[in-house]
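These numbers were taken from a predicted model, which means no experiment stands behind them.
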Amino acid sequence: MKISKQAQRDARQLFRSCLVSGLLDESRVRQVVALLSEKKPRGYVEILSRLHRLVKLDVAKHTARVENAVETSPAQQASITASLEKRYGTGLDVSYWINPKLIGGLRIQVGSDLYDGSVKTRLEKLQQSF
């Protein structure tokens, strides 16, 4: 679906109005969506579609998934969380997962950024080099 430039501008402006101190405020997003649904301005479906995409990208940017082959200790979790918040800012939602297939090391994904220091990936790269 092609979105008009005006709808894109309107969606960006509405998205910026939903930010509080650089973080997305869920209640404001709900208010904006309710207001758009009620008023139904020209191209409101396109605006809602674009706004949904912007909100989805922002949520992904503030969500981190940390995978480890074994359970991560609380001290390691605090260190990893502090490092990620230093790099990506406050308001990061960090979740820790156990993935025995990694063999060892960590795999961290924040939005579209992926940091893979797992033994499994290193072995796969070594295998491909032969």
For E26, does the CD atom have more than 12 heavy-atom neighbours from other residues, nucleotides or ligands under 6.0 Å away? no

Tell me if the CZ atom of R53 is crowded by more than 12 foreign heavy atoms within 6.0 Å. no

Residue pair V32, C18: steps toward the side chain to side chain contact (heavy atoms under 4.5 Å, CB included) verdict: CA-CA 8 Å; V32 165; C18 294; 3.7 Å; yes

Do [X] and [Y] belong to the same hydrophobic cluster, where Ile, Leu, Val, Met, Phe, Trp and Tyr are linked whenever their side-chain heavy atoms lie under 4.5 Å apart, directly or via other members?
X    : Y    : result
I103 : Y96  : no
Y115 : L102 : no
L24  : I47  : yes
V45  : L36  : yes
V55  : Y44  : yes

Verdict with supporting geometry, K61 and D58, side chain to side chain contact (heavy atoms under 4.5 Å, CB included): CA-CA 5 Å; K61 186 171 75 171; D58 188 73; 3.9 Å; yes

Under 3.5 Å donor-acceptor, T81 side chain and Q77 backbone: yes

Hey, is the main chain of S73 close enough, under 3.5 Å, to the side chain of Q76 for a donor-acceptor pair?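 Side chain of Q76 to backbone of S73, a donor-acceptor pair under 3.5 Å: yes, one is there.
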
Nearest 0.5 Å, please: how far is [atom2] in [Y] from [atom1] in [X]?
X   : Y   : atom1 : atom2 : value
L48 : L14 : CG    : CG    : 9.0 Å
H62 : L92 : NE2   : CG    : 7.5 Å
R65 : N99 : CZ    : CG    : 7.5 Å
Q8  : S49 : CD    : OG    : 10.0 Å

Between D10 and Q6, do the side chains contain an N or O donor and an N or O acceptor separated by less than 3.5 Å?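 Checked: D10/Q6 side chains pair up, N/O donor to acceptor below 3.5 Å.
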
State, to 0.1 Å, how close G105 and N68 come at their nearest heavy-atom pair, and which atoms those are.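 Shortest heavy-atom contact: O-OD1, 3.1 Å.
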
For residues A69 and G104, report the shortest heavy-atom separation together with the two atoms involved.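 That would be CB-N, 3.7 Å.
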
Does R50 come within less than 4.0 Å of E46, counting only side-chain N to carboxylate O? no

Does the pair D113 and I108 meet the rule for a side chain to side chain contact (heavy atoms under 4.5 Å, CB included), with working shown? CA-CA 8 Å; D113 296 340; I108 302 172; over 6 Å; no

Summary of salt bridge (charged side-chain N to carboxylate O under 4.0 Å, His left out) pairs that have at least one residue in residues 87-107, sequence neighbours excluded: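 Every salt bridge (charged side-chain N to carboxylate O under 4.0 Å, His left out) pair that includes a residue of residues 87-107, provided the two are not neighbours, is E67-R107, R107-D116.
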
Worked verdict on V110 versus T63 for side chain to side chain contact (heavy atoms under 4.5 Å, CB included): CA-CA 6 Å; V110 182; T63 303; over 6 Å; no

